[in-house]
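In what follows, chains carry the letters A, B, and so on, assigned in the order in which the sequence lines appear, proteins first and then strands, with residues in each chain numbered from 1.
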There are 2 protein chains.
Amino acid sequence: MTEATRRERLRADTERDIRATARALLVGQGRDAVTLRAIARELGITAPALYRYYDSREALLRAVCEDICADLDAELTPALRGVSAHDPLGRVFAVCRAFRRWALAHPQEFELVFASPEEESVGLGRRPAQDRFGGVFIHVIGHVLVAPEAFVPTTDEVPAELHDDLVAYRERLRESLAEAGIQVPNGLLELDGVYFILKWWVRLYGHIALEVFGRFPFPLRDAEPLFERMLTELAVESGFPTGTPATPEAPESR
Amino acid sequence: MTEATRRERLRADTERDIRATARALLVGQGRDAVTLRAIARELGITAPALYRYYDSREALLRAVCEDICADLDAELTPALRGVSAHDPLGRVFAVCRAFRRWALAHPQEFELVFASPEEESVGLGRRPAQDRFGGVFIHVIGHVLVAPEAFVPTTDEVPAELHDDLVAYRERLRESLAEAGIQVPNGLLELDGVYFILKWWVRLYGHIALEVFGRFPFPLRDAEPLFERMLTELAVESGFPTGTPATPEAPESR
DNA sequence: TCGCTCGGTGAACGGTGTTTACACAGTTGA
DNA sequence: TCAACTGTGTAAACACCGTTCACCGAGCGA
C-alpha cells in the first residue's frame, strides 16, 4: 500500500501544510490575506519555496478550493447518516440545512468557492467546485430518485428549450450514480425530476448567498424561518408527501 | 443654483473622473486591477494625489459601488416606461428581465455589488447596495401593490417567526413609497405581499448569480428558458392573473 | 562514490497601498 | 496690495506583494 517513497511522503505533508495554512489565513482574514509570503512566514520558510509546490498563487487558491469542497462534502455526507434511508425528503432537508449551516459558519470559503466568476478552465477538466458539490447533491438526490414512492414530481411539462440540456444532464447524473453503485431504473429519472433539481439549487443558493452576503432587501433578524418555509414549499411543489414533517432535527438556535 | 465655487466644481469633476477610471478598470480587467496607481496613471497624476479625494482604496471602491447602483437604477427605471401601468405583472417582469440582462452584461460590477461579504458598516448609514436596489425594486413593487385588483396574494399564513421582521420592513416600504409620492391604502399592504417580495428576490438573485458565476450544477447552454419559467411560476404562486402573457418584449437572442 | 534531483535560500525586479514632507497655485481677508 | 491660508499636486520612502533567477546542499539511486 505505502508505495510512496520517503521523499513523496514528505512532499505530500508539506503540500498539506501549505494548503492548511492558506486556508487558515482565508478563514481568519479573508481572501486578500492569503499571501505567499504570509504562508511561507507561518511555515518558517521563504516564499519562493512555495513555487516548488504550486505554479502560482492562483493555482494554490484553486487547490484550496478543492480542499474546501472536500471538507464540505465530508460535512454534508454524514448529515445523511442521521436520517433514515426511508425518509428521502428528510435526507434532502438534512443536506440543505447542513449546507446552510456550513455556509454561515464559513462565509469566506463560501465566497471563494461559490461566488467567484467562472474561471476560464483551460480546456480539459471541469470546474472542481461544480463537480464536488454536484457529487454530494447527486449522492443525496440519487437516494431520493431511487425511492419512487417518495418522489412524485408533478407532470408539468418542462420548457421545450431546456429539453436538450436536461437530457444531457440526466445522462451525467446516471453516470455519477452508477459510479456510486446506484442503479437507476429506466423509466424513473424523468426530466421533471432533473428540472426540479435545478429549482432546488436556485432557491437554496439564492437564500444562502443572500444570507451570507447580507443582501436581503432589509435586515432580517433571523433568516431561518424563511429558509425552513422555503424548504417545505419546495417539498410540496416537488410532489413529496406532506405527511412526514421531515424531522427538523433540533436546529441549534443560531 | 450654481452655488458651487470654481474650486468645488473642479473637485467634483476630478472625483467623477477618478470613479469613472476606476470603473473602466473594473469592467475591463476585474476588481484586482482597480489600482490606485493604475487610476492615477490613466489620469496623468500620481497615486498619493488620490488621497485628496478618497481616504483609501476601499473607500473609493465603495464610491464606485454607489455609482454602479445608480447606473443600475438608471437602467431599470426606464424599463418600466415601455410597459403600461395597468399591466403590473408586465412591469415586474420587465424589471426582472432588465436586471438579468444588466447582470450578464456587467458581471464584474454585479460581483462587486452583490457578491461581497457584508461590510461592517461603521455604525450609522445602511449599506448602499441594499438601499439602492431596494429603491428600484420598491418603486416597481409600489405600483404593483397599489393596483390591488392585479395582485392577490394567496392567504397562506406567514411564518410566525418572520412576523416582526416583516412588519418592520412593511413600515420601511411605506416610508419609501410615501417619499416617491405613492400613498398606500391602509389595508392593502398585507404581510403576505411583503413576504412575496422576499420570495421573488431570493429566486431572482439565485438564478442570476448562478448564471453570472457559472455555478449551475451542469453547464446550461441557455438559461433564459429557465429564467422565464421561474418568472411565470412566481407569478402564478403570487396570485397574479394568468391571463396576461406579460409581453415578453422580444428578448434579444443572447 | 558519483552525480543528479529535490527542496530550500537570498537577491532582485516591478508592482502595490499608504504616509510624510514639501511645493506651489488660487482664494481669501485685512 | 500683500500676506496668510487652503487646496491640490509632487517626490521620496516604507513595507509589503507575486514572481524569477542563480545558487546550494542534503539525500537518493546507479
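The nearest whole Å value for the distance from the CD atom in A:Q29 to the P atom in D:dC17 is 11 Å. At whole-Å resolution of the value, CG in B:L60 and P in C:dT18 are 10 Å apart. Atom-to-atom, OH of B:Y51 to P of C:dT18 comes out at 3 Å; the value is rounded to the nearest Å. If you take CG of B:D17 and C1' of D:dG9, they are 16 Å apart, rounded to a whole angstrom. Separating the CG atom of B:L43 from the C1' atom of D:dG9 is a distance of 13 Å, rounded to the nearest angstrom. Atom CZ in B:R57 sits roughly 15 Å away from atom P in C:dT19 (whole-Å rounding). Atom CG of A:L50 is separated from atom P of D:dC17 by 12 Å (rounded to the nearest Å). Distance CD1 (B:I39) to C1' (C:dT16): 12 Å, rounded to an integer number of Å.
The six-membered or imidazole ring of A:F114 lies near that of A:F99, with a centre-to-centre distance under 6.0 Å.
Taking side-chain N and O atoms only, B:R41 has a distance below 4.0 Å to OP1 or OP2 of C:dT16.
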What are the atom names and distances for every N/O pair under 3.5 Å that joins the protein to nucleotides 7-12 of chain C?
{"residue": "C:dG7", "atom": "OP2", "partner": "A:R11", "partner atom": "NH1", "Å": "2.6"}
{"residue": "C:dG7", "atom": "N7", "partner": "A:R52", "partner atom": "NE", "Å": "3.2"}
{"residue": "C:dG8", "atom": "OP2", "partner": "A:Y53", "partner atom": "OH", "Å": "2.6"}
{"residue": "C:dG8", "atom": "N7", "partner": "A:R52", "partner atom": "NE", "Å": "3.1"}
{"residue": "C:dG8", "atom": "O6", "partner": "A:R52", "partner atom": "NH2", "Å": "2.0"}
{"residue": "C:dT9", "atom": "OP2", "partner": "A:T46", "partner atom": "N", "Å": "2.8"}
{"residue": "C:dT9", "atom": "OP2", "partner": "A:T46", "partner atom": "OG1", "Å": "2.6"}
{"residue": "C:dA12", "atom": "N6", "partner": "A:R37", "partner atom": "NH2", "Å": "3.3"}

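Using modelled atom types and a 3.5 Å distance limit, the side chains of A:T77 and A:D73 yield a donor-acceptor pair.
A parallel orientation is assigned to the rings of B:W102 and B:H106, their planes being inclined by less than 30° (bins at 30° and 60°).
To the nearest 0.5 angstrom, A:L36 atom CG is 9.5 Å from A:I18 atom CD1. Residue A:R81 holds its CZ atom at 7.5 Å from CZ of A:R91, rounded to the nearest 0.5 Å.
A cation-pi contact links B:R100 to B:F227, judged by a cut-off of 6.0 Å to the six-membered ring centre and 45° from its axis.
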